[in-house]
Amino acid sequence: MKTHKAKKSLGQNFLKSELALREIIKAGEIKKEDVVLEIGPGKGALTERLLENSDHVIAIEKDRELFVFLQEKFKKEIENKKLTLLEEDILLFKVKEKKYKILANIPYNITGAILKKFLTENIQPSLMVLMVQHEVAKRIVANDKKESILSVSVKTYGTPKMIMKVPARYFSPAPKVDSAVIKISNISRNIFNENHINEDVFWEVIHAGFAHKRKILKGNLKNLNKTTNWSGILEKIGLKENIRAEDLSLKNWIDFISLIK
């Protein structure tokens with residue numbers, strides 16, 4: 001098989017760490033009957049381990065050269081239907097499985113788009129284990145208690161946890177930044193159902209609240225609706241009038257949005 005040169009335009013950095021691969025598999029809690037979706041299999045390092053643990057792996061590869069490479073590498077697994085290999089853009093991929101997990105070393109340039117697509121899919125994955133930039137992973141888990149629109153977005157649909165930091169040297173070619181494995185479990189829409197909140201309204205308020213980072217929350221929300229008594233709602237749930245969006249926990253947001261008429 002000929003060697004494949006990574007394409008910067010597709011965010012290709014191939015993982016070569018056995019430890020990281022083992023930790024991804026471990027975090028995925030894969031059973032033989034699980035359907036596992038892999039995004040951007042690259043040269044198939046993670047794919048090999050997924051196939052050892054699952055009887056049905058779906059791998060989506062956009063790069064034509066890598067797709068052909070993988071067809072040859074996994075010819076037997078494709079023939080016996082353990083592996084379904086598709087040449088597609090993951091952001092245009094239509095989910096047909098009723099139950100599935102996502103385990104992947106994803107292209108970092110579309111991390112946000114991938115998270116949004118699958119967390120808000122009609123058929124959501126039950127669990128996601130992803131390799132992302134370390135700084136992005138830190139923002140998602142928000143251990144510093146400073147929330148972002150990214151962390152709130154993920155926590156609304158699931159429970160994020162950082163599994164491990166992965167230094168840049170564990171990739172070929174080595175990226176300029178370190179990476180991390182994150183796990184998002186308990187994925188559902190329960191927050192909206194249990195609190196009787198409209199999903200579209202929720203995101204409209206969240207986006208407005210985070211629109212200008214330096215402004216206080218009620219100042220941002222005035223652009224959404226000038227007649228609503230935002231100060232009164234903040235007071236009702238015990239929050240200061242000059243609070244910023246980043247200082248609200250997910251529970252604060254739920255309580256806040258539940259009171260909007």
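Scored by the salt bridge (Lys or Arg N to Asp or Glu O under 4.0 Å) test, E204 finds no partners at all (sequence neighbours excluded). Contacts of Q71 classified as side-chain hydrogen bond (donor to acceptor under 3.5 Å, both in side chains), with partners at least two apart in sequence or in another chain: none. Applying the salt bridge (Lys or Arg N to Asp or Glu O under 4.0 Å) test to E97 and every residue at least two apart in sequence or in another chain returns nothing.
In this structure, the side chains of Y108 and V136 stay at 4.5 Å or more apart for every pair of heavy atoms. Counting heavy atoms from C-beta on, the side chains of M131 and F171 come closer than 4.5 Å. Looking at E33 and H56, their side chains never come closer than 4.5 Å, going by heavy atoms from C-beta outward. Between F93 and I39, every side-chain heavy-atom pair lies at or beyond the 4.5 Å cut-off. Counting heavy atoms from C-beta outward, S54 and K32 have side chains that stay 4.5 Å or more apart. When side chains are defined from C-beta on, V205 counts as touching F256, because their heavy atoms get closer than 4.5 Å. Inter-residue side-chain proximity for R139 and K146 is flagged as unmet; no heavy-atom pair is nearer than 4.5 Å. Using a 4.5 Å heavy-atom cutoff, the side chains of F210 and L217 are not in contact.
Distance check, rounded to the nearest 0.5 Å: CG of N53 to NZ of K31 gives 11.5 Å. Between atom CG of residue N198 and atom CD1 of residue I257 there is a gap of 10.5 Å, rounded to the nearest 0.5 Å. Atom CD1 in I233 sits 5.0 Å away from atom CD1 in I260 (nearest 0.5 Å). The CG atom of N229 lies 11.5 Å from the CG atom of L259; values are rounded to the nearest 0.5 Å. Here the CG atom belonging to L37 is positioned 5.5 Å from the CD1 atom belonging to I60, to the nearest 0.5 angstrom. With rounding to the nearest 0.5 Å, the separation of CG in L130 from OG in S179 is 12.0 Å.
Within 6.0 Å of NZ in K215 there are more than 12 heavy atoms belonging to other residues, nucleotides or ligands. Under a cut-off of 6.0 angstrom, the local environment of NZ in K116 is sparse, with at most 12 non-hydrogen atoms contributed by other residues, nucleotides or ligands. For E235, the CD atom counts as loosely surrounded, since its 6.0 Å shell holds 12 or fewer non-hydrogen atoms of other residues, nucleotides or ligands.
In the hydrophobic cluster analysis, where Ile, Leu, Val, Met, Phe, Trp and Tyr join through side-chain heavy atoms closer than 4.5 angstrom, I182 is grouped together with I149. In this structure, W230 is a member of the same hydrophobic cluster as W203, with clusters built from ILVMFWY side-chain heavy atoms closer than 4.5 Å. Cluster membership for L19 and V181, using ILVMFWY side-chain heavy atoms within less than 4.5 angstrom, is shared. Two different hydrophobic clusters hold L15 and V177 under the rule that ILVMFWY side chains link at heavy-atom gaps under 4.5 Å. Both L234 and I197 sit in one connected hydrophobic cluster of ILVMFWY residues. Membership requires side-chain heavy atoms under 4.5 Å apart, directly or through other members.
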Applying side chain to side chain contact (heavy atoms under 4.5 Å, CB included), run through K73 and E48 and close with a yes or a no.
CA-CA 10 Å; K73 181 173 182 175; E48 287 179 332; 3.3 Å; yes

Checking N252 against S249 for the side-chain hydrogen bond (donor to acceptor under 3.5 Å, both in side chains) test, could you report, in this order, the C-alpha distance in whole Å, the side-chain angles of both residues, the deciding distance, and whether it holds?
CA-CA 5 Å; N252 290 154; S249 66; 3.2 Å; yes

Using the rule given for side chain to side chain contact (heavy atoms under 4.5 Å, CB included), can you reason through D63 versus F67, listing the C-alpha separation, both sets of side-chain angles and the distance that settles it, and then say yes or no?
CA-CA 6 Å; D63 186 316; F67 177 75; over 6 Å; no

Decide side chain to side chain contact (heavy atoms under 4.5 Å, CB included) for K218 and E241; before the verdict, give the C-alpha distance in whole Å, the side-chain angles of both, and the deciding distance to 0.1 Å.
CA-CA 7 Å; K218 71 170 190 176; E241 194 174 346; 2.3 Å; yes

In sequence, state the C-alpha distance, the side-chain angles, and the governing distance for L115 and V132, and then conclude on side chain to side chain contact (heavy atoms under 4.5 Å, CB included).
CA-CA 11 Å; L115 287 168; V132 299; 5.9 Å; no

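Under the 3.5 Å distance criterion, the side-chain polar atoms of N220 are matched with a main-chain donor or acceptor of H212. No side-chain donor-acceptor contact under 3.5 Å links D178 to the backbone of P167.
The residues R189 and E199 are annotated as salt-bridged, a charged nitrogen and a carboxylate oxygen being separated by less than 4.0 angstrom. Salt-bridge annotation for R64 and E87: present, with a side-chain N of the basic residue lying under 4.0 Å from a carboxylate O of the acidic one. Salt-bridge annotation for K101 and E29: absent, with no side-chain N of the basic residue lying under 4.0 Å from a carboxylate O of the acidic one. Using a cut-off of 4.0 Å between Lys/Arg side-chain N and Asp/Glu carboxylate O, E135 and K138 are scored as salt-bridged. Here E18 pairs with R49 in a salt bridge; the nearest charged N to carboxylate O distance falls below 4.0 Å.
Partner of L85 under the side chain to side chain contact (heavy atoms under 4.5 Å, CB included) criterion, chosen from T47, I78, I58: I78. With E77 as the fixed residue, the side chain to side chain contact (heavy atoms under 4.5 Å, CB included) test singles out one of L70, L83, V57: L83.
Here the closest non-hydrogen pair linking P41 and A59 is CG-CB, 3.8 Å. Taking all atoms of both residues into account, the shortest heavy-atom contact from T156 to I191 is O-CD1, 3.3 Å. Contact between M162 and V141 at its shortest, heavy atoms only, is N-CG1, 3.8 Å. Across every non-hydrogen atom of L50 and E38, the tightest pair is CD1-OE1, 3.7 Å. Annotation for L119 and V154: closest pair CD1-CA, 4.0 Å, computed over non-hydrogen atoms. Here the closest heavy-atom approach between residue G158 and residue I184 is recorded as CA-CG2, 4.0 Å.
Here the two rings, on Y157 and F192, have centers that are under 6.0 Å apart.
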